[in-house]
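Order of appearance sets the numbers: ligands from 1, and atoms from 1 within every ligand.
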Amino acid sequence: MKIFLDSANIDEIKTLSETGLIDGVTTNPSLIAKSGMNFIDAIEKICSIINGPVSAEVTGVDQTTMVKEGQKLSKIAPNVVIKVPLTMEGLKACKTLSDEKINVNVTLCFNAAQAILAAKAGATYISPFIGRLDDIGADGMNLISEIVEIYNIYNFKTEVLAASIRGVQDVVDSAKFGADIATIPTNILRSMYLHPLTDKGLDAFLSDWAKTGQSIL
Ligand code: E4P
């Protein structure tokens with residue numbers, strides 16, 4: 001499973017990219033607003049740090065505007081992916097952009113019917129929002145499972161990008177259900193490294209090692 005960072009925080013993206021584990025980045029207008037940066041500058045900077053797909057979201061609501069915005073954003077760097085909302089206009093824009101060989105991430109997907117349409121529209125990625133479904137008492141992970149099952153039956157090439165991840169277990173479950181990618185907030189990625197028994201075990205090893213008086217280097 002590929003790991004994307006769900007962030008527009010340049011410092012965090014830079015730091016976590018040094019792990020060598022980051023395959024891409026997703027942003028959205030809320031994350032850009034939170035970063036306080038100019039949108040184009042932020043995407044340009046993230047693309048220079050990350051050697052992988054970087055999603056930049058359009059803000060128009062009609063096909064023509066979304067296509068124009070997508071064409072402009074796609075010129076920022078070769079690894080820019082255009083993010084469009086899962087509306088009829090968004091999927092029309094997706095079809096146009098993907099016909100122009102521009103990679104598209106269809107976002108705000110909340111059911112499998114929408115995911116079928118996105119695949120038919122040539123989406124490179126579909127982004128089902130797990131956490132926001134769980135927030136309203138629905139089952140976000142069931143959606144991942146349904147989309148993976150359907151895409152496999154029809155051999156759709158669209159990759160399933162598990163989004164709106166709220167915790168480490170969402171990452172694990174997304175992997176179990178066959179999502180191609182999880183886009184993970186930076187704090188949750190950091191949590192994935194942690195287990196109290198790892199810390200406890202390491203403390204014990206280091207304390208016993210100190211007693212030997214030895215040094216490896
Ligand atoms: C990523 O592409 C989405 O925009 C993001 O995961 C949404 O997450 P949220 O529901 O925590 O805002």
Side-chain angles (χ1 to χ4, degrees), residues 1-10 12-13 16-17 22-37 39 42-43 46-47 49-50 52-61 66 69-70 73-74 76 79-87 90-91 93-94 97-98 102-111 114-115 118-119 121 123-144 147-148 158-175 177 179-192:
M1 186 179 61
K2 285 175 268 188
I3 290 178
F4 287 7
L5 283 179
D6 196 20
S7 176
N9 181 320
I10 304 295
E12 274 287 74
I13 291 170
L16 289 168
S17 73
I22 307 306
D23 300 299
V25 167
T26 53
T27 67
N28 61 37
S30 304
L31 291 170
I32 294 292
K34 195 171 158 197
S35 77
M37 287 186 74
F39 182 28
I43 296 299
I46 297 168
C47 286
I49 299 169
I50 296 293
V54 174
S55 289
E57 188 160 343
V58 298
T59 52
V61 290
M66 284 190 246
E69 289 176 346
L73 293 170
S74 72
I76 296 174
N79 51 334
V80 169
V81 172
I82 305 306
K83 213 172 174 191
V84 301
L86 210 157
T87 58
L91 290 191
C94 173
L97 292 167
S98 57
I102 293 172
N103 289 331
V104 180
N105 175 359
V106 176
T107 189
L108 290 166
C109 171
F110 292 97
N111 70 38
Q114 292 181 313
T124 313
Y125 307 100
I126 181 71
S127 290
F129 275 34
I130 300 166
R132 293 193 195 187
L133 278 172
D134 291 346
D135 288 347
I136 60 158
D139 184 351
M141 212 48 68
N142 184 54
L143 176 57
I144 299 290
I147 298 173
V148 168
T158 305
E159 292 188 62
V160 180
L161 197 173
S164 187
I165 281 182
R166 299 278 195 258
V168 169
Q169 194 57 42
D170 282 343
V171 180
V172 175
D173 290 339
S174 297
F177 285 112
D180 299 284
I181 306 150
T183 188
I184 308 174
T186 55
N187 61 323
I188 295 173
L189 182 70
R190 288 179 181 280
S191 299
M192 289 172 70

Starting from atom 11 (O) of ligand 1, what is the nearest protein heavy atom, named by residue and atom, and what distance separates them? Arg166 NH1, 2.7 Å
To check you understand the geometry: which heavy-atom pair defines the closest contact between Ala162 and Ile144, and what is its length? CB-CD1, 3.8 Å
Does the pair Thr107 and Ser127 meet the rule for a side-chain hydrogen bond (donor to acceptor under 3.5 Å, both in side chains), with working shown? CA-CA 5 Å; Thr107 189; Ser127 290; 4.8 Å; no
Numbered in order shown, the ligand 1 atoms found under 4.0 Å of a heavy atom of Phe129 are 3 (C), 4 (O), 7 (C)
Protein contact to atom 8 (O) of ligand 1 [nearest heavy atom, distance to 0.1 Å]: Ser164 CA, 3.4 Å
List the closest protein heavy-atom neighbour of atom 6 (O) of ligand 1: residue, atom name, distance to the nearest 0.1 Å. Asp6 OD2, 2.6 Å
Tell me which protein heavy atom sits closest to atom 12 (O) of ligand 1, plus the residue, atom name and distance to 0.1 Å. Arg132 NH2, 2.8 Å
Would Arg190 and Glu12 pass as an ion pair if we require N to O under 4.0 Å? yes
Non-hydrogen atoms of Ala182 and Val171 that approach each other most closely: CB-CG1, 4.5 Å
Closest non-hydrogen atom pair between Ile10 and Ile46, with its separation: CD1-CG1, 3.6 Å
Considering non-hydrogen atoms only, spot the tightest contact between Ile147 and Val160 and give its length. CG2-CG2, 3.8 Å
Just which atoms of ligand 1 are under 4.0 Å from any heavy atom in Ala163? 1 (C), 6 (O)
Nearest protein heavy-atom contact for atom 4 (O) of ligand 1: which residue, which atom, what distance? Asn28 ND2, 2.7 Å
Val80 versus Ser74, closest heavy-atom pair with distance: CG1-CA, 4.1 Å
So the atoms of ligand 1 within less than 4.0 Å of a heavy atom of Lys83 turn out to be 1 (C), 2 (O), 3 (C), 4 (O)
Atom indices of ligand 1, in the order listed, that fall short of 4.0 Å to a heavy atom of Thr26: 1 (C), 2 (O)
